[in-house]
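Quick one: this structure, given as structure tokens, is what I'll be asking you about.
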2 protein chains.
Amino acid sequence: MAKPKSQAIQARRIRPTIHDVAKAAGVSIATVSRALNSPDSVRKELRERVVAAADSMDYMADSVGKALRRQRTQIISTMLPRLADPLFSAVASAIQETLEENGYLGFVQTSGFDNTNLFDRAKRLIEHGTEGLIIFGRIDDQRLLDYCRAHQLPLLSAYSYFEKSEVPTIGFDNYLATRQLVEMLHTLGHSRIAMISGSDKGNDRQQSRIRAFRDINAELGQEPVIEFTHMDFDMADGGAALRRIMENHPETTALVCNRCVIAFSVMVEARRLGIAVPEHLSLTGFDDIDYAALFDPSLTTVAVPSEKIGRAAAKAMIAHLETGAPLGSRRFETEVILRRSVARPRAPA
Amino acid sequence: MAKPKSQAIQARRIRPTIHDVAKAAGVSIATVSRALNSPDSVRKELRERVVAAADSMDYMADSVGKALRRQRTQIISTMLPRLADPLFSAVASAIQETLEENGYLGFVQTSGFDNTNLFDRAKRLIEHGTEGLIIFGRIDDQRLLDYCRAHQLPLLSAYSYFEKSEVPTIGFDNYLATRQLVEMLHTLGHSRIAMISGSDKGNDRQQSRIRAFRDINAELGQEPVIEFTHMDFDMADGGAALRRIMENHPETTALVCNRCVIAFSVMVEARRLGIAVPEHLSLTGFDDIDYAALFDPSLTTVAVPSEKIGRAAAKAMIAHLETGAPLGSRRFETEVILRRSVARPRAPA
DNA sequence: CTGAGGACAGTAAACGTTTACAAATCACGA
DNA sequence: TCGTGATTTGTAAACGTTTACTGTCCTCAG
């Protein structure tokens, strides 16, 4: 009985507004706004009355009204392949923290590993007032690029660094990192090096690493030995790749795995097959995740400065929005962490 | 020369507005709004003119204006300890995806492991129009609880499930999961079981697991053997805890590690010390992360349905906002994944 | 006492939408 | 021809802010 005020639809908005504060303090809304935003411009006595009133009712200025009036939302959005991956989430986390420290807020959206149809997914972010867009990896959607250019929406490609890029890019260079790693193996004396990669479809990271490997092999006049895995579907698939390599290329003395999880899977299979790591086969991973050091033998990897990259990307975007400073690219150095999974090659048979 | 239009400050807003579309289509803004939102209510010919105009200029309705008028932002925010942790990010990822599928968007904020001062960090989220707040873990900030109650801001505690909770809670029960695990060890014949925990300060997960362990020991009339580690600062600290336990309680036959990474660290140290796993010592982890299966021996853990929890939390919040259905609690079952790191206890010496 | 000028507060417009209401148009039967 | 009612479109107000402009009051020098 007695319908509950028929609100239902228009219900939301339990929060006090600036009008409520003004009424309580007995001043105009302009005075409230000034008392809260530029305290010096209002007489002490009034200011205190306003602040007291605001506090007493937990007043928070509504960012929606504010954004509409100021034409600034202070929102910067990030799109990344997936959150449940320590490599990406470490960077995303640094971005979010940096945004918050600077008065911004960020939407986070996972886009999967295919960057060709980003525009449709980015739409909602843009609608909601995104002032800057940070996207992990190479941006392959021409519609998005066109839109951002046409409407002056700042766009930043983060995580991977690209020598040639349509948009500014902040991150590490997968190509150089792999060269660095393989050259280190070379210096140790390895000449028969194979690679196990994850799927490179729409994945700029794997693509760059494979390209680096092919280039090095070409320089040495060797046929590159590369096997692919599908670890997303089958965690044990690295073992199968190892068996293929040992069967077809038993002369291999070092194995470059393009993801740590591949290296782990290979290591387990190697133990099962009685292949000693590193005595018979040296092994490397990529992305120095925590577990790499805990494996037995501990795993040689490439360390990526995720935190630095995230902070740099967020800061660059903020600086661009606030000072108009142009968004520049920036390459971060990676470092090979040499651990026990790598040794000099075994003596030739 | 010739100052660039003196925009600078008021520059933002390159996006076309509904007025631009209206002018281009030669209709009023009301018609544009209707043509786009309830197409049936406008004559075919006009509707097409409007849509064409909107498309030609990439018009997207501004969510800020829309939110102000509708008093709905469709934003649901999540606060979690840290993103760079596969346990949390898997749940967060599911939340974000579910939100997006349902027309919502979500802010993500990391709050660290201390949930006592959440209110200040939540403020910005609330200001920005958050309609519902999902927080990982127990919510210990009374100010936040009071505020949410007073202003009817829906609050949901996710990830962990609590039997007694001030707010609705969706997740798995750490207490039960640990009991489940320890009882399984018991059934196998283990009677001397020790626990290695991470820091339990402000961490409801570790607290519940420790409580379960103490309760079981009490029921058996045993003194609980618990060691603490600080793996956040020193990845190898698990090894030190193992040495302490083997020294002070050499009769231990099974070791319950409250985080997988602790178990990994312990396993490495065990191998170094010549302690055979599982022959001499059975070992368990928690949270069935991918690497658990890859370790050697593969690690027995508790599997947590992260994806399901995330989706359920997001869906519950959305349903509450849209239908007014009360936010209910929900407990998800965990499952012990028995792997090679656990065996029957060794024969007593 | 008067006027100028400074300090402060209030009024109203604007930001981009949606929507209640009013107005216009049209079809059609009397 | 006109009136009626249905259909379609336009007008204007409102959402919560900020801020340019105007107005008021006070102080103080002339």
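A, B, ... follow the sequence lines: proteins, then strands. Residue 1 opens every chain.
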| request: Can you tell me the distance, in whole Å, between the NZ atom of A:Lys66 and the C1' atom of D:dC15? | output: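 About 16 Å, once rounded to whole Å.
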| said: If I take atom CD1 in residue A:Ile18 and atom C1' in nucleotide D:dC15, what distance separates them, rounded to the nearest angstrom? | reply: 14 Å
| Earlier contact from the 5' end, DNA chain D, for B:Leu46 and A:Thr31 | B:Leu46
| said: Here's one to test your reading of the geometry: is the NZ or CZ of A:Arg138 within 45 degrees of the ring axis of A:Phe162 and under 6.0 Å from its centre? | reply: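 Yes; both conditions hold, so A:Arg138 lies above the ring face of A:Phe162.
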| Value in whole Å for how far the P atom of D:dA12 lies from NE2 of B:His19 | 12 Å
| task | Take atom CZ of B:Arg34 and atom C1' of D:dA12, then tell me their distance rounded to the nearest Å. | result | 12 Å
| message | At 4.0 Å (heavy atoms only), tell me whether A:Ser33 reaches a base, stays on the sugar-phosphate, or touches nothing. | response | base
| task | Tell me what A:Ile29 touches on the nucleic acid: a base, only sugar-phosphate, or nothing, going by heavy atoms under 4.0 Å. | result | base
| said: Rounded to the nearest 0.5 Å, what separates atom OG1 in A:Thr78 from atom CZ in A:Phe107? | reply: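 Those atoms lie 11.0 Å apart.
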| query | Between B:Asp40 and A:Tyr59, which is nearer to the 5' end of DNA chain D once each is assigned its nearest nucleotide? | reply | B:Asp40
| message | Taking any heavy-atom pair under 4.0 Å as a contact, classify A:Ala30: base, sugar-phosphate, or nothing. | response |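 Contact class for A:Ala30: base.
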| message | Within the structure provided, determine whether A:Arg143 and A:Asp120 are in side-chain contact (heavy-atom separation under 4.5 Å). | response |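 In contact.
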| Contact class for B:Ser28 (heavy atom, under 4.0 Å): base, sugar-phosphate, or nothing? | base
| query | Under 6.0 Å from the six-membered ring centre of A:Phe88 and within 45° of its axis: does the NZ or CZ of A:Arg82 meet both? | reply |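 No, A:Arg82 does not lie over the aromatic ring of A:Phe88.
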| 5'-most by nearest nucleotide on DNA chain C - A:Gly65 or B:Asn37 | A:Gly65
| Does a distance-only test, which skips hydrogens and angles, find a donor-acceptor pair under 3.5 Å between the side chain of A:Arg69 and the base of D:dT18? | yes
| field | Under 4.0 angstrom between B:Gln71 side-chain N/O and D:dG16 OP1 or OP2 | value | yes
| message | From C-beta outward on A:Arg43, which listed nucleotide comes closest to its side chain: C:dG10, C:dC8, D:dC15? | response |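 Nearest to the side chain of A:Arg43 among the choices is C:dC8.
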| query | With a 4.5 Å limit on heavy-atom distance, are the side chains of B:His19 and B:Val32 in contact? | reply | no
| message | Just the rounded figure in Å: distance from C1' of D:dT9 to CD of B:Glu45. | response |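 For the pair B:Glu45 CD and D:dT9 C1', the rounded distance is 13 Å.
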| task | For A:Val42, report the nucleic acid contact type (base, sugar-phosphate, nothing); a contact means any heavy atom under 4.0 Å. | result | sugar-phosphate
| For D:dT17, does OP1 or OP2 lie under 4.0 Å from any side-chain N or O of A:Arg70? |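 False: A:Arg70 side-chain N/O out of range (4.0 Å or more) of D:dT17 OP1/OP2.
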| said: Output the rounded distance in Å from NZ (A:Lys23) to P (D:dG16). | reply: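 Those two atoms, NZ and P, are 12 Å apart.
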